[in-house]
J.: 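Got a structure for you, written out below as C-alpha cells; questions coming shortly.
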2 protein chains.
Amino acid sequence: MAGATPTATRSTGRSTRQKAVIDAALAEADGFVTAQELHERIKSQGDRVGLATVYRFLQTLTDAGEIDQLRLPDGEAAYRRCSRGHHHHLVCRVCGRAVEVEGPAVERWAARVADAHGFTEVRHTVEIQGRCADCSSAAGRAERM
Amino acid sequence: MAGATPTATRSTGRSTRQKAVIDAALAEADGFVTAQELHERIKSQGDRVGLATVYRFLQTLTDAGEIDQLRLPDGEAAYRRCSRGHHHHLVCRVCGRAVEVEGPAVERWAARVADAHGFTEVRHTVEIQGRCADCSSAAGRAERM
DNA sequence: TGCTGTAATGAGACCCGATATCAATATTCG
DNA sequence: CGAATATTGATATCGGGTCTCATTACAGCA
C-alpha cells in the first residue's frame, strides 16, 4: 500500500501532494466512485485533501480525458479511470454496478447519422440502464415505492 | 404470501386538473423538458400548478413508464413523452435545434450488449450533440457563456 | 541556495435541483 | 350528499456541486 505511485507529471498543472493522493485513491478504487466516496476513502487513509480539491481535480482529469465521468441514475456524478479511449456504460439501476462496453457499430451509426444531417463536431452519449443478473435473481421487485 | 398486491393498474391515480395541465404541457413540449421548464411553461400559460406537484407527477409517470427520464450533462433530469415509436435526438449544441433519428442498429446493439451481461429490463438513452450545418457555416466559435 | 510570482488548496458560504412536511382541498365512492 | 382519502402546494429541508478568497506550496530565476 505504501507504494504510492510516483505520479508522473501530467498536463494537469503543477504536481502537488493532493493530486498524487487523489490519483492513487482513484487507481485503487475498483469500479466507479463518486467524488464524495473518494473523499471519504482518502480521509480513512489518513490523508487530508479538501473536498473542493477532489471535485476540482476530478473535473480537470475529466477535461483532460484521463478519467471517465458518468451519471448514476440519481444524477450523482461518478468517475473512473478510463482505460481505453471511447466507450459507453451499462449501468444497473438497482445496485449501480457499471460495465464498460464498446460499440464500434454505434460509433459508426452516430457518425453516419450526424453526417447525413450536416452536423459536425459530433459527440454522443449512450447510457444503457437495466437490472443486472444479481439484482434480477434476488428479490428484485420486493418493494417498489 | 400476504395479500398479493392487486397492483392491477396502478395508473396515475385520481384525475385532477393539475395532472391534465402537466400532461398537456408535456405534450406541447417538443423534445426534452426539465421539471422547472415545464413549471415555467405552465405558469406562462396562465395555469397554476405547484412545483412539487410537477415533480411528483413526472416521477409518477416515469415509474409508470409513460415518459422517459434522462439526465442532462449537468445532472439535471429531463423528461420526454415516451411514444410507442422509440427514437433518439440529434441536437445542435449551438442553436438547440433537434432532429429525431431512428437507429434500429443501435436498438439491436443495446439489447445484445445488455443481454450478454445478463441485464434485464433494459432501457437506453442516446443523445448525439453536434453543430448543425447553419451553425457551422456561420460564426465559428460562439461558445455559450 | 533562497526568493518570489503564482497556481493550488481548503473551509465554508452559496447555488440550485429535488424531496419531505403537513394543513388545506378536491375527488371518488357508498 | 357526505365521509374517506388521495392530492395539492407553500415552504422547509436536503444534498451534490461550485465559488470565494485568504493561505500555502510549487517552480523558476538570480
Side-chain angles (χ1 to χ4, degrees), chain A residues 4 6-26 32-43 45-64 66-67 69-79 93 96 144-145, chain B residues 5-26 32-43 45-64 67-79 144-145:
Chain A
T7 309
T9 308
R10 293 197 171 76
S11 57
T12 49
R14 293 183 178 177
S15 306
T16 66
R17 179 186 65 79
Q18 289 84 347
K19 289 180 182 174
V21 171
I22 296 173
D23 207 49
L26 200 54
F32 293 92
V33 280
T34 63
Q36 313 257 3
E37 286 172 353
L38 208 54
H39 185 234
E40 281 303 316
R41 195 177 288 244
I42 290 173
K43 262 201 301 191
Q45 282 179 357
D47 283 307
R48 267 176 62 82
V49 174
L51 181 58
T53 299
V54 173
Y55 274 107
R56 259 187 308 238
F57 192 47
L58 285 175
Q59 189 57 57
T60 299
L61 287 177
T62 299
D63 291 343
E66 295 194 17
I67 61 173
Q69 177 191 58
L70 69 87
R71 294 279 165 182
L72 298 181
D74 69 348
E76 196 176 351
Y79 304 82
R93 70 166 66 91
R144 187 56 181 165
M145 261 206 72
Chain B
T5 314
T7 314
T9 305
R10 189 179 181 101
S11 57
T12 52
R14 293 182 178 177
S15 310
T16 66
R17 179 186 64 79
Q18 289 85 347
K19 288 180 182 174
V21 171
I22 296 173
D23 206 49
L26 201 53
F32 300 98
V33 279
T34 64
Q36 312 257 5
E37 285 173 353
L38 208 54
H39 184 235
E40 281 303 315
R41 197 177 285 245
I42 290 172
K43 261 202 302 190
Q45 282 179 358
D47 283 308
R48 215 176 290 274
V49 175
L51 181 58
T53 299
V54 173
Y55 272 107
R56 256 186 311 237
F57 192 47
L58 285 175
Q59 189 55 57
T60 299
L61 288 176
T62 298
D63 290 343
I67 60 174
D68 276 331
Q69 178 190 57
L70 68 87
R71 295 280 166 180
L72 299 181
D74 68 351
E76 195 176 350
Y79 304 83
R144 43 184 284 196
M145 265 195 71

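The chains referred to below are lettered A, B, ... by the order of the sequence lines, with proteins before strands, and numbering in each begins at 1.
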J.: Any side-chain N or O of Q36(B) below 4.0 angstrom from OP1/OP2 of dC16(C)?
T.: no
J.: Send over the distance from L61(B) CG to dT7(D) P, rounded to a whole Å.
T.: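 Answer to the nearest Å: 12 Å.
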J.: Please tell me if Y55(B) has a side-chain N or O lying less than 4.0 Å from either OP1 or OP2 of dA18(C).
T.: yes
J.: Using the side-chain contact (heavy atoms from CB on, under 4.5 Å) rule, take F32(A) and Q69(A) through it: C-alpha gap first, then chi angles, then the decisive distance, then the call.
T.: CA-CA 9 Å; F32(A) 293 92; Q69(A) 177 191 58; over 6 Å; no
J.: Hey, mind stepping through D47(A) and Q18(A) against side-chain contact (heavy atoms from CB on, under 4.5 Å) and telling me if it holds?
T.: CA-CA 9 Å; D47(A) 283 307; Q18(A) 289 84 347; over 6 Å; no
J.: Using C1' atoms of five pairs at each end, report the bend of the helix from dT1(C)-dA30(D) to dG30(C)-dC1(D) rounded to 10 degrees.
T.: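 About 30° separates the two local helix axes.
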J.: Between the base of dG17(D) and the side chain of R56(A), is there any donor-acceptor pair under 3.5 Å?
T.: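 Counting by modelled atom types and ignoring angles, no donor-acceptor contact under 3.5 Å is found here.
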J.: Tell me, do L72(B) and L70(B) make a side-chain contact under 4.5 Å, heavy atoms counted?
T.: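 They are in contact (side-chain heavy atoms under 4.5 Å apart), so the answer is yes.
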J.: Write down the distance between CZ (R14(A)) and P (dT9(C)), rounded to a whole number of angstrom.
T.: 10 Å
J.: Please report the interatomic distance CG(D23(A)) to OG1(T12(A)), rounded to the nearest 0.5 Å.
T.: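 One gets 8.0 Å once the value is rounded to the nearest 0.5 Å.
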J.: May I have the distance from D74(B) (atom CG) to dC16(C) (atom C1'), rounded to whole angstrom?
T.: 10 Å
J.: Could you tell me whether the side chain of L51(A) reaches within less than 4.5 Å of the side chain of Q36(A), counting heavy atoms only?
T.: yes
J.: Please give, in whole Å, the distance from dT9(C) P to F57(A) CZ?
T.: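 After rounding, the gap between these two atoms is 8 Å.
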J.: Expressed as a whole number of angstroms, how long is the span from I22(B):CD1 to dG9(D):C1'?
T.: 11 Å
J.: Please check the phosphate of dA27(D) (OP1 and OP2 only) for any side-chain N or O of S15(A) closer than 4.0 Å.
T.: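 Answer yes for this pair, as a side-chain N or O of S15(A) is under 4.0 Å from OP1 or OP2.
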J.: Provide, to the nearest angstrom, the distance between the CD atom belonging to Q69(A) and the C1' atom belonging to dG16(D).
T.: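 Taking atom C1' of dG16(D) as the reference, CD of Q69(A) is at 12 Å.
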J.: So does G50(A) get a backbone contact from the side chain of H39(A), meaning a donor-acceptor N/O pair under 3.5 Å?
T.: no
J.: On DNA chain C, does the nearest nucleotide to R17(B) precede the nearest nucleotide to T34(B) from the 5' side, or the other way round? Give the residue.
T.: T34(B)
J.: Between Q18(A) and dA8(C), does any side-chain N or O lie under 4.0 Å from OP1 or OP2?
T.: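 No, because none of the side-chain N or O atoms of Q18(A) sits under 4.0 Å from OP1 or OP2 of dA8(C).
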J.: Under 4.0 Å: is that the gap between some side-chain N or O of T16(B) and OP1 or OP2 of dT27(C)?
T.: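 So the side chain of T16(B) is outside the cut-off, no N or O lying under 4.0 Å from OP1 or OP2 of dT27(C).
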J.: Categorize R48(B) for me: base, sugar-phosphate, or nothing, with a 4.0 angstrom heavy-atom threshold over every strand shown.
T.: sugar-phosphate
J.: Between L61(A) and L26(A), does the side-chain contact (heavy atoms from CB on, under 4.5 Å) criterion hold? Intermediate values first, please.
T.: CA-CA 11 Å; L61(A) 287 177; L26(A) 200 54; 4.0 Å; yes
J.: Among dA18(C), dG9(D), dA11(C), which is the nearest nucleotide to the side chain of V49(B)?
T.: dG9(D)
J.: Whole angstroms only, please: what is the NE2-P distance between H39(A) and dG15(D)?
T.: 17 Å
J.: Quick one: E76(A) CD to dG16(D) P, roughly how many Å, whole number?
T.: 6 Å
